[in-house]
Amino acid sequence: MMKEKVKQSPINTLIFSSSPNDSEQVASHLKNMGLPIRHQLISDSEQLKDATDTKHWQQAIFIDELNNLPIKQALKQLKNQPVLVPAVLLSNEYDEEKRFELIAQGLKDYIPAKSLDLLAMIIKRDQQLVNSLQSLEQANKIVYETNKRNELLLDSSKDAIAYIHEGMHIYTNPTYIKRFGYEEDEIIVMSIMDIIADDDTDAIKSLLKRQAQEGTEVSEVLKGKTANGEEFEADFIISSAIYDDEECVQLLVRDIGDQQELMKKLKEVSQIDQVTGVLNRPAFMDHLNQTVDTARTTNTNALLYLIEIDNFTNYRSKFGIADCDVLLKDVADWLRDHCDSSDVIGRISDTSFAIMLSDTSKSPTELPKKLIGDIENQLFEISGQTLKITFSIGGVPCTDNDVEPSKLLLHATTTAHHLQEKGGNNYQIFNPSIDSLLDEHERKIYEEFTIAREEGNMTLFYQPMMSLKGSPSKQYMCYFRYQLKDGGWGLGEDIFHVFEKVGIDAEIDKITLKHALKVLAKDKAENNSNKLFVALSPNTLLRDDLEDWLEKLITAAGISSDNLVLTLKGKTAQTYLKKVIELKAGLKKIGVPFCLSGIETDSSELVRSIKPQFVAMAPPFIETLKEHGSEKVQPIVNAAAEIEAKTIITSLEDASTLAQIWPLGIDFVMGNYVSKPISKLNYDFADSDF
């Protein structure tokens, strides 16, 4: 699944040195080696104290030892950091015998001052440990928060629950204590046999034994016994559990009462989201289906809104799950207060709510406009901090179209997500008349894509290009793909034309580029160097800030700019020739190569005008070569050679065609004969027959 790239965090680095020049030289070398260093020069203990008081550090580098700040003292101060700070000493007077002594003092390593490449490898190794420790700290935090939530749930549960270890109670919730009539300090020292009627002691033993053997949940109706000797029938349910890091069993005691009343209550509870108290998603969807059917039958107005809390994932990372559950509850309460009593509210996902208005005279924009304005004046409290939040609201009328109810929610969700991509804090009403832009066949294709996008089922495939001139370059053409209804990865027929019609082609480019850069960053971290060819659409080409935007993305990814090659179809380039020539010049400044793709045999002048670094021929090139010979295709090959552009033949399907291509002086070939598109950059170029 395709996820947008998370910005690579810098390595906060302290460089201890009396020479700013030496410090900058070391930092520059590390950055050139691909390490995202953000450094600060330290020359005395006061600077070190200020630095450690204001920021968390991940790496320390000593360039020889400071006269006024011994390494031992500096390491002692660094111990106050929340996560281990590995330290390396660079020495102009390296002494192998001294290395053991310094490492024993707490240094991670000690190397010659000139060994900067070795320093980069050591830092990469050290940062793996730092990242592991940070991940462990985060995992422990999550476990702690989860246990905290579980304890709250147990203590507030209306079910009688206890944990039993080797037959003895080690925990009982208030409902359990009340059910059996003991004080807490009494029951905690009692065995399970003490709360079972004498007639059923053998039965409870058998039940415990069966649970231990099967390892699954087991239950049986038995007689319990209260503190005053009263016996009662209940369902005793036993399952495996861990409490306070100790393996034990959970005992749930549920009285046998009016099953009909119990089922009714269970149904009511099953429709409510336990965190917020509003309808959960299944219950809301049932209500949505009924409301839409009624509205269309009675010709009354119904409106659906999807409300996303902007930046909620950041809040969850900062404050934790438990505190964010409190925020969700407060937001749900706020929505109730700001909606009519007839409006139905549901929680649709971790971050979103939906509101259904039925038989309403309100205009579609009235409620979202009110909510967007009012929420800005509301202060929420989370972890003792005051917080302002914003919404992104997508709305859709339910009556004036024949779209299925589930698709209505999908449209509202897509609209809200689109607003969040633009910065959030806004609302937009989805216009079902967009369907008028597409014919029936195109609508089906677009709906299939929309479902895949909503579920995050988008990815890239890569088709390798094989060099015919022995070039060591490893390069792939990127193809955007999404999951089709049959489970396979592909594209709907002419989907990019549909993207242009509905105006989301630039959004697809953005997602594709970010994912490609993420792949290249991972590739670089694994000491590989591949080139990825990524296509641009017309609307991306027309961005005024395209070069600046690309430069920021590439810098954030931490890759070499020439590992990304941007491609544009020849027909699009012909339409926007002036803009493309300007783009080519702008890309050259930031070091990004440019490729013209889908080039026809009569496009020599276009190639000479733009002067791309790569020229990828259209698939008919091969058919023209077969039918008319090399004379027909040689002019476009010569035009590419004149501007020193590398040529690429696409759609190579067999060896006989390769034999005809070889004499033309083509640089690269790609197609199923070389390899079909693959899901990873793992093609073995060295194992090729070329």
Original post:
Is there a donor-acceptor pair closer than 3.5 Å between any side-chain N or O of Gln47 and the backbone N or O of Ser43?
Top reply: yes

**OP:** Begin from the C-alpha positions of Asp562 and Ser560 and carry the test side-chain hydrogen bond (donor to acceptor under 3.5 Å, both in side chains) through to its verdict.
**Re:** CA-CA 6 Å; Asp562 63 357; Ser560 176; 2.7 Å; yes

**OP:** Sequence neighbours left out, what passes side chain to side chain donor-acceptor pair (under 3.5 Å) with Gln385? Give chain and number order.
**Re:** none

**OP:** Before giving the answer on side-chain contact (heavy atoms from CB on, under 4.5 Å), spell out for Leu583 and Glu547 the whole-Å C-alpha distance, their side-chain angles and the decisive distance to 0.1 Å.
**Re:** CA-CA 7 Å; Leu583 172 64; Glu547 290 90 348; 3.8 Å; yes

Original post:
Within the side chain of Tyr243, is there an N or O that forms a donor-acceptor pair under 3.5 Å with the backbone of His165?
Top reply: no

**OP:** Under the side-chain contact (heavy atoms from CB on, under 4.5 Å) rule, what do Leu468 and Ile661 come out as? Steps first, then yes or no, please.
**Re:** CA-CA 10 Å; Leu468 297 184; Ile661 290 173; 4.2 Å; yes

Original post:
Got a sec, which residues hit ring pair (Phe, Tyr, Trp, His ring centres under 6.0 Å) with Phe319, two or more places apart in sequence or on another chain?
Top reply: none

Subject >> Result of checking Phe685, Phe668, Tyr673 against Met466 for side-chain contact (heavy atoms from CB on, under 4.5 Å) >> reply: Phe685

Original post:
With a cut-off of 6.0 Å (strictly less than), are more than 12 heavy atoms of other residues, nucleotides or ligands near CD of Glu526?
Top reply: yes

Subject >> Contacts of type side chain to side chain donor-acceptor pair (under 3.5 Å), residue Glu24, not counting sequence neighbours >> reply: His39

**OP:** Would you confirm whether Asn311, through its side chain, and Asn314, through its main-chain N or O, come within 3.5 Å as a donor-acceptor pair?
**Re:** no

Subject >> Residues that Asp330 engages under side-chain contact (heavy atoms from CB on, under 4.5 Å), provided they are two or more places apart >> reply: Val326, Phe380

Subject >> Arg316 bridged to Asp350 by N-O distance under 4.0 Å >> reply: yes

Subject >> Under the side-chain contact (heavy atoms from CB on, under 4.5 Å) test, residues paired with Gln81 that sit two or more places apart >> reply: Thr52, His56, Trp57, Val85

Subject >> Pair Lys49 + Asp53, salt bridge at N-O below 4.0 Å >> reply: yes

Subject >> Candidate pair Ser91 and Glu93, rule side-chain hydrogen bond (donor to acceptor under 3.5 Å, both in side chains), full reasoning >> reply: CA-CA 5 Å; Ser91 177; Glu93 299 177 359; 6.0 Å; no

Subject >> From CA spacing to verdict: side-chain contact (heavy atoms from CB on, under 4.5 Å), Leu652, Leu658 >> reply: CA-CA 7 Å; Leu652 178 65; Leu658 180 62; 4.1 Å; yes

Subject >> Glu507 and Arg453: CA distance, side-chain angles, deciding distance, salt bridge (charged side-chain N to carboxylate O under 4.0 Å, His left out) verdict >> reply: CA-CA 12 Å; Glu507 292 179 39; Arg453 183 184 183 186; 2.9 Å; yes

Original post:
How would you list, by chain and number, every residue that makes a salt bridge (Lys or Arg N to Asp or Glu O under 4.0 Å) with Asp667, sequence neighbours excluded?
Top reply: Lys469

Original post:
Sequence neighbours excluded, which residues qualify as ring pair (Phe, Tyr, Trp, His ring centres under 6.0 Å) partners of Tyr479?
Top reply: none

Original post:
Hey, what do you get for OG (Ser383) to OH (Tyr315), rounding to the nearest 0.5 Å?
Top reply: 13.0 Å

**OP:** Evaluate the ring pair (Phe, Tyr, Trp, His ring centres under 6.0 Å) criterion for residues Phe614 and Phe533: first the C-alpha distance (whole Å), next the side-chain angles of each, then the deciding distance (0.1 Å), finally the verdict.
**Re:** CA-CA 10 Å; Phe614 295 87; Phe533 287 62; 5.0 Å; yes

Original post:
Distance only, no hydrogens: is a donor on one side chain within 3.5 Å (strictly under) of an acceptor on the other, for Asp509 and Thr540?
Top reply: yes

Subject >> CG (Asn32) with more than 12 external heavy atoms under 6.0 Å >> reply: yes

Subject >> Other residues, nucleotides, ligands: >12 heavy atoms within 6.0 Å of Lys76 NZ >> reply: no

Original post:
With no hydrogens and no angle check, is any side-chain donor or acceptor of Tyr110 less than 3.5 Å from a backbone partner on Asp95?
Top reply: yes

Original post:
So Gln77 and Ser45, side-chain hydrogen bond (donor to acceptor under 3.5 Å, both in side chains) or not? Walk me through it.
Top reply: CA-CA 9 Å; Gln77 285 184 246; Ser45 60; 5.0 Å; no

**OP:** Determine the interplanar angle of the Tyr482 and Phe480 rings, folded into 0 to 90°, and report it as parallel if under 30°, tilted if 30 to 60°, perpendicular if over 60°.
**Re:** tilted

Original post:
What class does the angle between the rings of Trp489 and Phe461 fall in, given that below 30° is parallel, 30 to 60° is tilted and above 60° is perpendicular?
Top reply: tilted

Original post:
Residues two or more places apart in sequence or in another chain: which of them pass side-chain contact (heavy atoms from CB on, under 4.5 Å) with Asn92?
Top reply: Asp64, Ala113

Subject >> side chain to side chain donor-acceptor pair (under 3.5 Å): pairs with one or both residues in residues 580-595, sequence neighbours excluded >> reply: none

**OP:** Enter the distance from Ile111:CD1 to Tyr94:OH here, rounded to the nearest 0.5 Å.
**Re:** 8.5 Å

Subject >> Glu46 atom CD, over 12 foreign heavy atoms within 6.0 Å >> reply: no

**OP:** Kindly determine whether Ser352 and Ser349 satisfy side-chain hydrogen bond (donor to acceptor under 3.5 Å, both in side chains), including the steps that lead there.
**Re:** CA-CA 5 Å; Ser352 64; Ser349 71; 2.6 Å; yes

**OP:** Name all residues meeting the side-chain contact (heavy atoms from CB on, under 4.5 Å) criterion together with Leu41; count only those two or more places apart in sequence or in a different chain, and write none if there are none.
**Re:** Ser17, Pro20, Ser23

Subject >> Short side-chain donor-acceptor distance under 3.5 Å, Asn530 and Asp523 >> reply: yes

**OP:** Can you measure from CG (Leu14) to NZ (Lys55) and round to the nearest 0.5 angstrom?
**Re:** 9.0 Å

Subject >> Tyr462: ring pair (Phe, Tyr, Trp, His ring centres under 6.0 Å) partners, not counting sequence neighbours >> reply: none

Original post:
Stepwise, does the side-chain contact (heavy atoms from CB on, under 4.5 Å) test hold for Leu532 with Leu520?
Top reply: CA-CA 8 Å; Leu532 292 186; Leu520 286 173; 3.6 Å; yes

Original post:
Phe62 vs Phe16 aromatic rings, parallel, tilted or perpendicular, using cut-offs 30° and 60°?
Top reply: parallel

Original post:
For the side chain of Gln463 and the backbone of Ser675, is there at least one donor-acceptor N/O pair under 3.5 Å apart?
Top reply: yes

Subject >> Atom CD of Glu644: over 12 foreign heavy atoms under 6.0 Å >> reply: no

Original post:
To the nearest 0.5 Å, how far apart are CD1 in Ile37 and CG in Asn12?
Top reply: 9.0 Å

Could you pull out all donor-acceptor pairs under 3.5 Å where a side-chain atom in residues 115-128 meets a protein atom, sequence neighbours excluded?
from	atom 1	to	atom 2	distance (Å)
Asp117	OD1	His29	NE2	2.7
Gln127	NE2	Gln58	O	3.0
Gln127	NE2	Gln59	OE1	2.8

Subject >> Exceeds 12 heavy-atom contacts within 6.0 angstrom, atom NZ of Lys474 >> reply: no

Original post:
Does Thr13 use its side chain to pair, donor to acceptor, with the backbone of Ile11 at less than 3.5 Å?
Top reply: yes

Subject >> Thr351 and Glu308 side chains, donor-acceptor separation under 3.5 Å >> reply: yes

